[in-house]
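The structure under discussion appears below in the form of structure tokens.
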Amino acid sequence: MNEVLEYLFFTQTIADKFIMALSNHNLHFEREIETVQGAIVLKIAEGVDDDLWDELDDLYDELSDEDQALVEAGIEDDDSKSTAGIYLQLANGNQTIAQVDPSIMSRILTVITTEELNAFVDTIVRSVEIPDDSPICKRL
């Protein structure tokens with residue numbers, strides 16, 4: 001494949017839904033496992049019809065939300081242990097995952113939205129990566 005579009009998933013269940021859509025449109029794809037996080041990467045050749053591209057993009061957005069919710073709420077892994085994690089986007093472009101207790105994650109998500117949690121975590125990551133020792137009352 002020369003030019004490719006990549007779609008990233010963290011759970012096989014959600015990746016399978018996208019694979020079904022690709023198959024329904026007779027689109028050839030390659031499947032890879034991302035080495036750092038073990039994420040599933042689906043690659044298709046560019047040159048997809050604009051209408052189909054829009055449909056796939058909308059589906060991917062919808063499935064990404066589902067995928068993230070499954071990961072953050074805790075899913076069953078191959079060893080049948082409940083797992084949960086928070087994906088952290090670092091300033092250098094890298095991502096990492098912080099494993100958290102699934103019961104704590106579930107409790108958190110009963111009182112705040114995923115977007116609020118992500119904003120909170122992003123604030124912490126930025127504060128760790130770029131420390132600011134000035135008094136909090138003096139910050140903008």
Side-chain angles (χ1 to χ4, degrees):
M1 289 185 162
N2 292 335
E3 298 290 326
V4 296
L5 302 170
E6 295 184 358
Y7 299 93
L8 181 75
F9 298 95
F10 296 101
T11 62
Q12 187 63 54
T13 302
I14 302 302
D16 287 344
K17 289 181 180 183
F18 197 77
I19 288 169
M20 179 73 73
L22 295 176
S23 297
N24 288 342
H25 291 291
N26 297 317
L27 291 173
H28 173 75
F29 65 92
E30 292 179 11
R31 180 182 182 273
E32 292 181 4
I33 301 299
E34 194 268 335
T35 54
V36 174
Q37 300 173 79
I40 301 157
V41 180
L42 302 176
K43 298 179 177 185
I44 63 171
E46 279 190 359
V48 175
D49 168 273
D50 285 344
D51 291 336
L52 180 53
W53 163 252
D54 289 341
E55 182 181 329
L56 289 174
D57 195 40
D58 290 344
L59 177 61
Y60 179 70
D61 289 343
E62 178 183 318
L63 292 176
S64 291
D65 290 341
E66 263 186 78
D67 198 36
Q68 182 176 357
L70 281 177
V71 170
E72 290 178 351
I75 57 171
E76 296 299 313
D77 66 12
D78 292 338
D79 297 325
S80 296
K81 296 184 292 187
S82 186
T83 59
I86 299 174
Y87 288 88
L88 308 171
Q89 180 68 45
L90 306 177
N92 67 4
N94 290 337
Q95 285 186 334
T96 189
I97 186 169
Q99 186 172 354
V100 296
D101 183 315
S103 62
I104 292 172
M105 180 65 77
S106 293
R107 287 178 41 214
I108 290 170
L109 293 175
T110 63
V111 293
I112 65 172
T113 67
T114 303
E115 292 79 18
E116 290 169 325
L117 176 62
N118 289 337
F120 179 73
V121 169
D122 287 342
T123 299
I124 293 170
V125 170
R126 279 193 315 278
S127 296
V128 168
E129 290 188 313
I130 307 167
D132 183 352
D133 295 332
S134 64
I136 198 153
C137 61
K138 302 277 184 183
R139 299 181 196 178
L140 295 175

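Being a predicted model, the structure only gives us computed values, none of them experimental.
Nearest heavy atoms, Asp67 versus Thr11: OD1-OG1, 2.5 Å. Contact record, Ala15 with Leu42: O-CD1, 4.0 Å, taken as the closest heavy-atom pair. Of all heavy-atom pairs spanning His28 and Ile44, the tightest one is O-CG2, 3.5 Å.
The backbone N or O of Ile19 sits nowhere less than 3.5 Å from a side-chain atom of Arg31 that would complete a donor-acceptor pair.
Counting heavy-atom neighbours within 6.0 Å of Asp133 CG, excluding the residue itself, gives a total of 12 or less. When the shell of 6.0 Å around CG of Asp50 is examined, it contains 12 or fewer heavy atoms from other residues, nucleotides or ligands.
At least one side-chain heavy atom of Phe18 sits under 4.5 Å from a side-chain heavy atom of Leu56. Within the 4.5 Å cutoff, the side chain of Ile40 has no heavy atoms near those of the Leu8 side chain. A heavy-atom distance below 4.5 Å is not found between the side chains of Val48 and His25.
Under the 4.5 Å side-chain heavy-atom criterion for grouping Ile, Leu, Val, Met, Phe, Trp and Tyr, Leu117 is connected to Val111 within one hydrophobic cluster. Clustering ILVMFWY residues whenever any of their side-chain heavy atoms sit less than 4.5 angstrom apart, transitively, puts Val41 in the very cluster that holds Ile33.
The aromatic rings of Tyr7 and Tyr60 sit perpendicular, their planes meeting at an angle over 60°, well past the 30° parallel limit.
The CZ atom of Arg126 sits 11.5 Å away from atom CD of Gln89, with the distance rounded to the nearest 0.5 Å. Between atom CG of residue Leu5 and atom CH2 of residue Trp53 there is a gap of 4.5 Å, rounded to the nearest 0.5 Å. Atom CG of Asp49 sits about 9.0 Å away from atom CG of Asp54, to the nearest 0.5 Å. Rounding to the nearest 0.5 Å gives a distance of 9.5 Å between OG of Ser64 and CD1 of Ile14. To the nearest 0.5 Å, atom CD1 of residue Ile108 and atom CD of residue Glu116 are 12.0 Å apart.
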